[in-house]
Amino acid sequence: MTEKTDITLTVNGRDFAVTVEPRRTLADTIRDDCGQTGTHIGCEHGVCGACTVLLDGEPVRSCLMFAVQAEGREIRTVEGLAADGALSPLQQAFIDNHALQCGFCTPGFLMLATGVLERDPDIGEDELREVLSSNLCRCTGYQNIVKAVKSAAATMKAGR
Amino acid sequence: MGASFFGARVVRLEDAALLTGRGRFTDDIRIPGTLHAAFVRSPFAHARIGGIDAAAARAMPGVIGVWTLADLPEELRGKSLLLLLPNPAISQPLMPTVLAGDEARYVGEAVAVVVAETRPLAEDAAAAVIVDWDPLPAASDARDALKPGAPVAHSGTENNIAARFVNAYGDIDAAFVRAAHVVREDILHHRGGGHAMEGRAVLAHHDAEESRTMVWSATQAPHQVKRNLIGLLGWDENEIDVIAPDVGGGFGPKAMFYIEEAIIPLLARTLRRPVKWTEDRREHFLCASQERDQYWNVEAAFDAEGRLLGVRGTMIHDNGAYIPWGIVSPLISSTTVPGPYVLPAYRLETTVALTNKVQVTPVRGAGRPQAVFAMERLMDAGARALGLDAAEIRRRNLIPADLMPYDVGLIFRDGKPVTYDSGDYPRCQAEAEALAGYAGFEARREAARAEGRVIGIGIANYVEGTGLGPFEGATVRIGPSGKIMVASGAAPQGQGHRTTMAQLCAEKFGVGVADIEVVLADTTAIAHGVGTFASRIACNAMPSVHLASIDVRDKAVRVAAHMLEAAEEDIELEGGKAFVRGVPEMALTLGQIAHAVAGTPGYALPPGLDPGLESTHYFSPAAAAYCNGTHIAEVEVDVETGHVTILRYVTGHDAGRLINPLIVDGQVQGGVAHGVGNALFEALHFDAEANPLTTTFADYIIPGACDVPWAETVHIESPSPLNPLGVKGAGEGGTIPAAAAIVSAIEDALKEYGARFPYVPVTPSDIVGAIAAAEA
């Protein structure tokens with residue numbers, strides 16, 4: 001259990017050679033071994049979604065995966081959303097719509113919504129709300145998060 | 001003067017960092033060489049500790065050490081945590097030592113701490129610490145705990161009564177003698193926890209060269225953490241810096257001082273290495289403060305027209321094993337009952353019970369949701385007894401605006417009379433009714449019925465004492481760099497203090513909000529601070545920012561007038577520069593002005609001017625500012641499944657003048673979400689031995705994106721006369737009446753079944769059960 005193994009994780013296009021115990025979660029590894037602390041850990045039992053990252057484009061709970069399972073996969077985290085310092089339309093929409101308060105759950109919502117909009121840019125409001133209900137936020141009451149994602153979807157569509 | 005930012009929907013300065021992964025929460029802070037702590041916690045609600053064998057744990061790889069109470073410095077062993085808010089009504093001021101010694105009194109109470117090179121190794125070792133537990137009978141249900149012969153929560157005590165007190169005024173017996181109608185409610189009001197998405201966390205680093213210990217804590221009150229550390233550890237003020245970095249939500253529980261906040265700094269100094277502890281969600285369920293149960297037995301007397309004559313009754317409050325915040329929550333409950341109504345007589349006898357559960361301290365709303373639920377249920381019961389509409393009976397009892405300021409006849413938790421400072425309660429309810437289309441509801445009910453749908457409407461009012469003193473301060477300073485800095489002890493956890501403070505400061509200097517640097521929640525940046533809780537920052541900290549900014553601006557003008565050889569009244573400040581009106585090319589930057597009063601060795605300052613462009617204000621409001629509101633919920637109930645859908649949610653909200661409506665609307669919306677959780681989902685269950693049964697987000701349901709309605713809000717801005725900005729607090733109003741409004745709407749939807757829910761949360765199985773019982 002405590003015997004370590006060498007793996008390489010690809011996070012936001014950058015390779016990280018790390019040495020981890022097999023029991024180490026992907027969330028802990030991204031934060032502690034790759035130093036990408038934007039991914040947060042809220043419950044460690046897969047309910048809150050604060051640790052959501054994109055794994056080959058799909059939103060996953062990084063607290064429910066072992067790091068060794070993510071080797072060879074493309075991992076994207078909140079640190080990779082802004083390109084050359086320019087916020088993504090989704091990040092900007094979160095500012096414009098006051099879609100975050102404390103900001104702790106926000107990276108998880110951003111990755112969840114990024115994955116959803118990449119997969120289904122025309123997602124309807126009811127389905128979007130259903131998808132967003134997979135993550136928890138205690139501050140905002142969700143309305144502004146839904147608004148922000150809808151607004152970002154419109155912006156992205158206009159820019160396509 | 002530049003743009004006024006007061007009242008503008010300014011987007012937040014906080015957001016960009018938080019959206020790009022550059023937030024800096026306590027667990028994100030990395031100091032090389034950091035050690036990690038894990039706690040050994042009691043698996044029993046009540047147990048004697050026969051002995052602790054940590055030999056095996058100490059021998060494990062990577063383990064630096066294991067400490068029990070007996071291993072801590074002698075002067076700390078006998079010390080209890082400070083009871084922060086004493087009150088003469090408290091008969092048993094019971095507080096814990098930093099680790100449990102002879103006895104553990106709730107599941108999760110810490111008995112030892114392990115420090116290791118990594119957190120997993122620390123947890124492995126914690127599991128290897130052998131404790132000789134001798135389980136004792138536990139006090140679980142607060143009502144049972146008060147019965148003669150009940151097991152005591154603390155061995156060696158006589159009973160489980162922590163405090164008893166009565167709040168009363170008027171001739172209550174006469175009110176009931178002459179009543180035309182008397183209604184009674186027996187209520188179990190359960191409130192859950194705060195459940196910020198970030199748990200608690202503490203990191204401490206001792207700098208041996210500087211002989212200072214830096215403490216980062218996910219706290220709502222860094223200055224209180226520092227004060228507690230001084231009191232417990234005997235350290236000097238100058239040896240400790242406490243910083244609350246980005247904090248991932250507070251909601252009350254993080255306003256407490258916890259044992260981990262004492263132990264981690266102590267170990268960092270002992271070991272001369274940084275030590276970190278990050279609470280996991282299970283620990284948060286076990287060890288972070290909760291608000292839990294109150295049992296209300298109350299009755300209301302009405303005259304023949306539905307006017308209140310009196311309310312009386314008893315209330316039992318479960319406070320858990322310790323009382324760190326004294327009796328604040330039940331005291332607030334007791335003084336909140338009269339609310340917005342003319343209530344001629346009142347008497348509530350409150351008993352605060354000790355149980356073998358984690359301590360109760362305020363959670364968003366702080367005792368008020370319970371009181372509002374009790375009062376609003378009595379109003380609904382009165383409406384039924386008199387055959388009146390629910391809004392109408394309230395309308396008949398609301399305090400008229402021309403009676404403001406209104407003295408209720410009670411003493412608030414700050415020791416001052418409950419005097420409502422301003423507000424127009426009838427207008428607030430009327431505007432909420434108009435927005436909700438209250439008058440047209442029966443037509444909607446009929447239309448729904450025709451479609452086979454069952455809908456109902458509920459209404460609830462509240463008044464909330466906000467802005468408790470004694471103070472919160474701000475320093476505004478401009479150095480030779482020209483940068484305008486605001487420092488305050490008002491630690492934020494998502495409320496946008498940085499933005500709001502920048503708004504108030506920037507407009508004094510004709511600069512943009514982004515030009516203001518705001519330093520918050522750092523005990524070194526400002527000497528004194530109280531903390532962010534009790535919806536108090538708007539009324540305490542914001543006036544301080546406002547007044548200190550005016551001081552610094554005025555001084556900058558004086559210095560500039562001297563430097564430009566002009567009259568003060570001819571100086572204008574715009575874009576961070578001072579110039580003589582009409583001669584913008586003769587301008588001085590704020591940096592140049594600051595430099596002039598920064599002092600040159602041996603040279604006198606300009607005549608009549610003291611050093612520095614700096615001012616500190618600690619604004620201290622004379623009394624609490626009372627905000628108020630009306631919530632109206634329209635719900636659909638699925639009579640087959642018991643599922644409740646909130647179709648519309650309207651709030652009439654009066655928090656005085658709004659500095660930033662974008663942020664206030666966010667607070668209301670988030671507060672309503674918490675209230676929806678209290679109404680429909682959130683319950684901390686314990687068994688008869690006080691074992692917690694809800695320790696994950698799978699057992700304890702927090703509302704999600706499909707559960708929370710949009711809170712459509714109409715703001716009534718009755719300025720508070722108690723501060724120069726006319727503001728009141730806005731952090732809790734969204735939560736306070738929500739459960740009352742939602743449960744009222746559910747009962748209204750099910751009125752043909754006569755279903756009553758004198759409790760929260762109301763779950764689908766409760767609803768299905770009530771319908772089945774009615775049909776049986």
Side-chain angles (χ1 to χ4, degrees), chain A residues 1-2 21 23-24 28 31-32 35-48 50 77-82 87-88 90-92 94-108 110 126 128-146, chain B residues 11-12 14-25 27-28 30 61 119-121 124 194-199 246-251 278 280-282 492-496 662-663 665-674 676 696-698 702-711 734:
Chain A
M1 188 173 66
T2 53
E21 295 174 22
R23 66 175 176 174
R24 193 157 183 78
D28 282 341
R31 288 176 53 76
D32 296 341
Q36 307 296 299
T37 55
T39 300
H40 296 146
I41 299 174
C43 74
E44 292 177 283
H45 51 261
V47 179
C48 81
T77 69
V78 66
E79 286 90 348
L81 288 181
L87 297 180
S88 75
L90 184 66
Q91 288 169 313
Q92 186 60 48
F94 266 59
I95 295 178
D96 297 340
N97 291 282
H98 187 29
L100 66 157
Q101 290 183 22
C102 80
F104 191 82
C105 73
T106 308
L110 289 173
D126 287 351
L128 174 64
R129 197 174 277 273
E130 189 71 34
V131 171
L132 292 176
S133 76
S134 45
N135 283 17
L136 294 177
C137 168
R138 192 59 153 171
C139 295
T140 65
Y142 304 103
Q143 294 300 315
N144 288 345
I145 295 178
V146 177
Chain B
V11 297
R12 300 196 324 165
E14 289 88 343
D15 291 354
L18 295 167
L19 285 162
T20 50
R22 289 183 288 114
R24 196 162 155 276
F25 297 87
D27 192 50
D28 297 342
R30 305 288 143 139
R119 174 67 179 251
L121 293 174
D124 289 346
H195 284 295
M197 298 318 299
E198 178 204 31
D246 285 328
V247 175
F251 314 115
T278 304
D280 64 26
R281 188 55 56 182
R282 184 168 182 277
Q493 312 92 42
Q495 300 90 340
L662 181 76
I663 285 174
D665 285 344
Q667 289 293 310
V668 173
Q669 176 69 42
V672 167
H674 203 141
V676 169
T696 71
F697 281 145
I702 282 182
C706 295
D707 306 313
V708 180
W710 173 36

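Since we're looking at a predicted model, the values are computed, not measured. Computed from heavy atoms alone, side chains included, the values below leave out hydrogens, waters and symmetry copies. Proteins get letters first, then strands, A, B, ... in listed order; numbering begins at 1 in each.
Interface remark: of the candidates G23(B), A16(B), G194(B), G194(B) forms the most heavy-atom pairs closer than 4.5 Å to chain A. Counting heavy-atom pairs closer than 4.5 Å to chain A, the top-ranked of the candidates G250(B), A17(B), A698(B), P709(B) is P709(B). Ranked by heavy-atom pairs shorter than 4.5 Å toward chain A, the options A673(B), G671(B), G670(B) are led by G670(B). Of the listed residues (S133(A), A82(A), G38(A)), the greatest number of heavy-atom pairs within a distance under 4.5 Å of chain B belongs to S133(A). Contact count versus chain B (heavy atoms, under 4.5 Å) is highest, among C139(A), P107(A), C105(A), S88(A), for C139(A). Of all the listed residues (R30(B), E14(B), R24(B)), the one sharing the greatest number of non-hydrogen pairs under 4.5 Å with chain A is R30(B).
Note that the NE2 atom of H45(A) and the OG1 atom of T696(B) stand 4.5 Å from one another [nearest 0.5 Å]. In this structure, N144(A) CG and L662(B) CG are separated by 7.5 Å, a value rounded to the nearest 0.5 Å. Once rounded to the nearest 0.5 Å, the distance linking CD of Q92(A) with CG of D15(B) reads 9.5 Å. Between I95(A) atom CD1 and R12(B) atom CZ the span is 9.5 Å, to the nearest 0.5 Å. A distance of 13.5 Å separates CE of M197(B) from CD of Q101(A), quoted to the nearest 0.5 Å.
A pairwise comparison of heavy atoms in D28(B) and H40(A) identifies OD2-NE2, 3.6 Å as the closest pair. Smallest separation of non-hydrogen atoms from R23(A) and D124(B): NH2-OD2, 2.9 Å. V247(B) approaches C102(A) most closely through the heavy-atom pair O-CB, 3.6 Å. Closest approach of R24(A) and P120(B) over heavy atoms only: NH1-CG, 4.2 Å.
Contact of Q667(B) with chain A is made through backbone and side chain together, with heavy-atom distances under 4.5 Å. The contact between L136(A) and chain B is made by backbone and side chain atoms together, counting heavy-atom distances below 4.5 Å. At a 4.5 Å heavy-atom cutoff, the contact between L100(A) and chain B is made by backbone and side-chain atoms alike. Only the backbone of Q493(B) comes within less than 4.5 Å of a heavy atom in chain A; its side chain stays farther off. For D280(B), the parts sitting under 4.5 Å from any heavy atom of chain A are the backbone and the side chain alike. Contacts of F25(B) with chain A are made by side-chain atoms alone, with heavy-atom separations under 4.5 Å and no backbone atom involved. For F104(A), the parts lying under 4.5 angstrom from a heavy atom of chain B are both the backbone and the side chain. Residue contact with chain B, scored on non-hydrogen atoms closer than 4.5 Å, involves the backbone and the side chain of E130(A) alike.
Although no hydrogens or angles enter the test, the distance criterion places a donor-acceptor pair under 3.5 Å between the side chain of Y142(A) and the main chain of P703(B). A side-chain donor-acceptor contact under 3.5 Å links R281(B) to the backbone of G42(A). Counting only distance, with no hydrogens or angles, the side chain of H195(B) and the backbone of R138(A) share no donor-acceptor pair below 3.5 Å. A distance-only check finds a donor-acceptor pair linking the side chain of R31(A) to the backbone of D27(B) [under 3.5 Å]. Between the side chain of R129(A) and the backbone N or O of A705(B), at least one donor-acceptor pair lies under 3.5 Å. Q143(A) places a side-chain N or O within 3.5 Å of a backbone atom of V708(B) that can act as its donor or acceptor partner.
With L19(B) as the fixed residue, the side-chain contact (heavy atoms from CB on, under 4.5 Å) test singles out one of V78(A), T106(A), L81(A), L90(A): T106(A).
At a threshold of 4.0 Å, the pair D28(A)-R119(B) does not count as salt-bridged, since none of the basic side-chain nitrogens sits closer than that to a carboxylate oxygen.
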